[in-house]
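What follows is one structure encoded as structure tokens, with my remarks underneath.
When a ligand or atom number is given, it counts from 1 through the structure's own listing order.
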Amino acid sequence: MSLIVQKFGGTSVGTPERILSAARRAVAAKQAGHQVVMVCSARGKKTDELIDLANEITQNPQPREMDMLLSTGEQEAVALVAMAISTLGEQAISLTGEQIGIITDQTYTKARISQISTDRLKQELNAGRIVVACGFQGVSENGDITTLGRGGSDTTATALAAALDADECEIYTDVDGVYTTDPRIVPEARKVTRISYDEMLEMASLGAGVMHSRSIEFAKKFDVALRVRHALNENEGTLIAATGEELARSVTGMALVRDEVRVSLCDIPDRPGVMSLIFAKMAARKIPIDMVVQNVSANNKAEVSFTVPAGELAETLTAAQEAVGELGAGSVLSGTNLAKVSAVGLGMKSAPGVAARMFRKLADAGINIQMITTSDIKVSVLVDRNLCEQALRAVHQGFQLDSAKPAPELSVTKSKAAATARASEHEHLAEVVGRLSSMEDIVVSEVVLDDGQARITVHNVQDRPGISAELFEAVAEAAVSVDMIVQNVGRNSTTEVSFTVDAGDLDKGLAVVQKLQQRLPGSSVSHERDIALLTVSGIGLRTHTGVGERMFRALADAAINVKMVNTSEIRMSVVVARQQGAAALAALKKVFGLK
Ligand code: ASP
Ligand code: MG
């Protein structure tokens with residue numbers, strides 16, 4: 001018999017009518033022969049109201065009491081839903097997190113699930129009841145009520161689906177599914193039928209706020225098929241699963257983070273341990289950093305830039321000042337009024353020139369790119385905030401994301417092989433997950449060394465629209481395969497662009513760049529023939545701020561200097577000298593407990 005988990009968010013159980021309509025969904029699924037577990041959020045704005053109420057009493061409510069309070073919102077919802085189901089002639093039982101046995105750690109207001117007992121759930125389901133479970137809450141080992149953080153009901157639903165090995169986890173909400181980008185900004189955005197976990201993780205962390213990243217981490221880890229659907233219509237929604245639509249296109253969707261700020265540590269020493277110190281300072285304050293760019297150093301000085309959410313600026317500056325103080329050299333700069341625009345797609349891996357096309361669309365729209373970072377399934381650029389919507393639209397249009405059947409792309413060729421590779425990656429992941437002691441443990445599944453890479457850098461490039469477009473178009477045209485691209489911020493209105501290529505393509509790449517460089521007054525080109533690229537893959541690497549810290553600590557302890565860095569939700573990459581590649585691989589495998 002199949003088992004379905006159905007999650008209803010706050011608006012979907014906001015009124016008595018909505019409650020009845022949610023109940024009808026569950027009853028219909030039950031009568032179609034499925035076992036059904038519903039997971040409900042608090043009604044409407046209930047959680048916000050409770051928070052406001054607490055704040056009227058005190059500005060510093062004890063976290064334990066806060067969780068006691070907030071958990072009542074869900075308790076109210078499930079009781080009402082269970083009553084509604086009874087009126088429709090089916091049996092239902094509502095259960096709290098504690099009654100189910102959702103065990104969490106003791107971190108009130110943002111607890112992590114360690115374990116879920118399925119005994120009670122199975123007993124009720126086997127007795128023919130629909131179980132209506134409280135989302136968002138659990139219980140600590142000591143028996144205290146905890147909550148999972150705002151929006152945590154998605155996590156509850158996915159975790160229950162994982163624990164029960166459900167056939168599907170349906171997320172009912174007030175949108176039709178996952179869109180290629182935010183339809184409020186780009187009206188022609190299209191709903192995608194299917195998207196992969198990795199793409200969804202990148203999109204969620206990059207500001208496509210359909211679902212909590214954590215619930216997608218769960219889904220990927222435990223291979224739960226998620227379907228995001230509208231609560232008020234019968235549309236099929238979007239399936240989030242191991243593979244998406246990447247066989248058909250190179251870019252699946254675009255995300256925007258409107259409130260980014262950039263922080264740069266300039267003129268700092270270029271030696272092992274520097275990255276480690278910076279990451280440790282940020283991790284200690286749980287600051288999620290993104291778009292990390294490290295310059296190729298000139299005269300033994302390095303410059304590291306990264307972005308953080310605007311709300312974290314003050315904390316980040318303090319942490320950065322501390323780092324500079326401990327390093328004994330350097331200064332801290334920041335840039336505000338910025339936004340991050342990203343294109344995401346598994347299909348990028350096998351379609352060269354995606355970055356070049358994105359840069360071209362931006363250039364044609366007259367938009368200057370202030371920073372670039374890429375991973376194998378994402379290209380992010382930092383632009384002026386006032387231009388960000390225009391940038392999003394230009395790139396969305398450029399990749400024809402509005403069209404269900406885009407014009408065939410030049411060379412999405414290797415996709416079949418990539419799909420096979422992913423299937424084995426998937427099996428490997430299942431094996432690593434099997435060894436976790438707690439459900440939300442961080443998963444680092446793999447470290448890979450590619451010691452056949454080389455770096456090319458163009459220095460002192462004039463900071464104006466179109467430079468990156470020209471550069472990477474020329475490189476793509478020469479069929480040089482580019483791996484990682486980083487562009488740092490401009491100082492004195494110049495900027496620096498670095499990228500890695502297959503070592504065998506270095507001379508070809510250099511020839512292209514040198515030719516182009518003659519047209520860029522004042523610029524110069526440097527390269528490094530012997531570098532190694534190490535990539536750590538896993539789940540939730542950015543939400544677990546300690547991963548970068550451990551990674552850079554391990555490299556520092558092995559006296560390995562980091563030359564370039566790149567981070568994303570699912571991968572962290574570093575470039576080191578080739579002769580240190582093997583030592584770096586060993587150090588990273590050891591720190592993450594991999595064979
Ligand atoms: N009620 C909680 C919140 O508003 C949990 C949820 O809605 O997922 O954050
Ligand atoms: Mg909510």
Original post:
Heavy-atom contacts under 4.0 Å between Glu74 and ligand 1: side chain, backbone, both, or neither?
Top reply: side chain

Original post:
Out of Thr307, Ile278, Val565, Thr373, which one pairs with Val292 under the side-chain contact (heavy atoms from CB on, under 4.5 Å) rule?
Top reply: Val565

Original post:
Under a 4.0 Å N-O cut-off, is there an ion pair linking Glu170 with Lys7?
Top reply: no

Original post:
Heavy-atom contact under 4.0 Å between Gly152 and ligand 1?
Top reply: yes

Original post:
What atoms in ligand 1 come closer than 4.0 Å to a heavy atom of Ser153?
Top reply: 5 (C), 6 (C), 8 (O)

Original post:
Does Glu74 come within less than 4.0 Å of Arg43, counting only side-chain N to carboxylate O?
Top reply: no

Original post:
So among Ile85, Val36, Ile4, which one has a side-chain contact (heavy atoms from CB on, under 4.5 Å) with Lys30?
Top reply: Val36

Original post:
Given His230 and Thr173, is the side-chain hydrogen bond (donor to acceptor under 3.5 Å, both in side chains) satisfied, shown in steps?
Top reply: CA-CA 5 Å; His230 202 299; Thr173 173; over 6 Å; no

Original post:
If we only count N/O pairs under 3.5 Å, is Lys7 in contact with ligand 1?
Top reply: no

**OP:** Select one of side chain, backbone, both or neither to describe which atoms of Ser41 lie under 4.0 Å from any atom of ligand 1, heavy atoms only.
**Re:** side chain

**OP:** Show which atoms of ligand 1 fall inside a sub-4.0 Å distance from at least one heavy-atom site of Arg150.
**Re:** 3 (C), 4 (O), 9 (O)

**OP:** Examine Gly151 against ligand 1 and note whether any of their N/O atoms are separated by less than 3.5 Å.
**Re:** yes

**OP:** Measure across Ala42 and Thr47 and return the closest heavy-atom pair with its distance rounded to 0.1 Å.
**Re:** CB-OG1, 3.5 Å

